[in-house]
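Start at 1 and go down the list; that is how both ligands and their atoms are numbered.
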Amino acid sequence: MDEFEQIREKILTCTNCDLCKARHNPVFGEGNRNAPVMVIGEGPGYYEDMEGKPFVGRSGQLLDKIFAACGFSRDKQIFIGNIVKCRPPENRTPTSQEMAICIPYLYRQIELIDPKIIILLGSTALKGLIDSNAKITQMRGQWIEWRGRCVMPTYHPSALLRNPGLKRDAWEDFKKVIDKYREIVDPQHYSKYH
Ligand code: URA
């Protein structure tokens with residue numbers, strides 16, 4: 001078993017924090033393990049916990065539409081992960097302690113997948129990876145350099161579902177990702193809408 005699979009096993013049996021008590025399934029992440037683009041959300045919700053897969057509920061359906069508009073798909077350009085691997089009860093935001101306990105898994109996943117571009121979905125992903133005081137409304141749409149990678153924070157799809165007026169800004173952010181992808185990964189990349 002290589003290290004990528006070892007981490008999967010560790011996550012699937014993890015009891016490092018109390019989130020393990022109420023979970024049905026930890027969510028390791030999904031996609032191409034050599035993906036040039038990694039997408040990071042907050043943590044599993046109800047459906048993700050039931051299925052053990054990231055972004056399979058309503059937010060996931062919207063995310064897949066956005067990926068399709070970008071010419072991306074989960075099994076080719078993308079790997080999707082989360083800040084915490086187990087569902088917080090009632091979908092509450094994970095605590096800073098839960099995030100701190102879980103983040104080493106994500107750091108190692110990032111090193112092994114080695115994406116050139118990281119998309120952070122929402123406030124928890126931004127705070128968890130970059131800076132606990134960062135504000136998504138201030139930082140979205142701007143590239144951050146982090147450990148030699150290009151990081152784009154944008155709104156979480158659940159925010160777009162709650163407030164469709166934010167979709168326009170989110171699409172501007174994803175257009176920047178498409179541009180960067182053409183610049184540093186594949187100049188021929190085709191997307192229908194940009
Ligand atoms: N929301 C997230 O942040 N992550 C998921 O995997 C699903 C919903």
Side-chain angles (χ1 to χ4, degrees), residues 4 7-8 10-12 14 16-17 19-20 22-33 35 37-68 70 72-75 77-110 113 115 117-132 134-137 139-140 151-164 166-167 169-170 173-174 177:
F4 192 79
I7 293 180
R8 189 197 302 270
K10 280 197 182 150
I11 289 171
L12 295 186
C14 184
N16 291 351
C17 84
L19 293 182
C20 70
R23 75 170 180 229
H24 293 91
N25 294 290
V27 177
F28 167 77
E30 178 179 66
N32 174 0
R33 55 183 283 180
V37 182
M38 193 157 164
V39 177
I40 299 173
E42 172 174 314
Y46 175 85
Y47 294 100
E48 292 78 21
D49 174 66
M50 285 300 173
E51 293 190 32
K53 291 184 181 166
F55 283 99
V56 290
R58 274 187 77 213
S59 292
Q61 288 164 18
L62 176 55
L63 193 58
D64 283 338
K65 277 192 194 164
I66 298 172
F67 289 159
C70 295
F72 296 152
S73 69
R74 289 191 188 211
D75 57 342
Q77 296 86 355
I78 304 275
F79 186 93
I80 309 182
N82 278 307
I83 296 286
V84 295
K85 312 305 190 202
C86 298
R87 182 191 183 209
E90 315 299 328
N91 291 349
R92 64 166 171 74
T93 307
T95 64
S96 50
Q97 200 192 5
E98 288 157 354
M99 293 202 265
I101 290 171
C102 211
I103 201 83
Y105 289 133
L106 185 64
Y107 288 155
R108 201 66 195 121
Q109 286 178 307
I110 293 171
I113 294 164
I117 296 170
I118 297 177
I119 302 171
L120 298 177
L121 299 175
S123 172
T124 302
L126 174 64
K127 288 179 194 244
L129 198 72
I130 303 293
D131 171 1
S132 59
K135 295 229 175 344
I136 191 70
T137 45
M139 304 217 19
R140 62 144 280 274
V151 176
M152 174 58 69
T154 188
Y155 293 119
H156 193 284
S158 67
L160 305 181
L161 290 169
R162 276 197 310 273
N163 184 353
L166 298 177
K167 284 184 182 175
D169 279 348
D173 304 345
F174 277 94
V177 171

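Between Arg23 and Asp49, no side-chain nitrogen of the basic residue sits less than 4.0 Å from a carboxylate oxygen of the acidic one, so the salt-bridge criterion is not met. Between Arg74 and Glu30 there is a salt bridge, with a side-chain nitrogen of the basic residue lying less than 4.0 Å from a carboxylate oxygen of the acidic one. In summary, Arg92 and Glu42 do not engage in a salt bridge, as defined by a charged side-chain N under 4.0 Å from a carboxylate O.
In the candidate list Gly41, Ser59, Gly43, Gly43 is nearest to atom 5 (C) of ligand 1, counting heavy atoms. In this comparison of His156, Lys53, Lys85, the heavy atom closest to atom 1 (N) of ligand 1 sits on His156.
The protein heavy-atom contact nearest to atom 8 (C) of ligand 1 is Phe55 CE2, 3.6 Å. Counting protein heavy atoms only, atom 4 (N) of ligand 1 is closest to Asn82 OD1, 2.8 Å.
Taking the six-membered ring for Trp and the full ring otherwise, the centers of Tyr46 and His24 sit at least 6.0 Å from each other. Aromatic ring centres of Phe174 and Phe72 lie farther apart than the 6.0 Å criterion allows.
Each of the atoms 6 (O) of ligand 1 lies under 4.0 Å from some heavy atom of Pro54.
The shortest N or O to N or O distance between Glu48 and ligand 1 is not below 3.5 Å.
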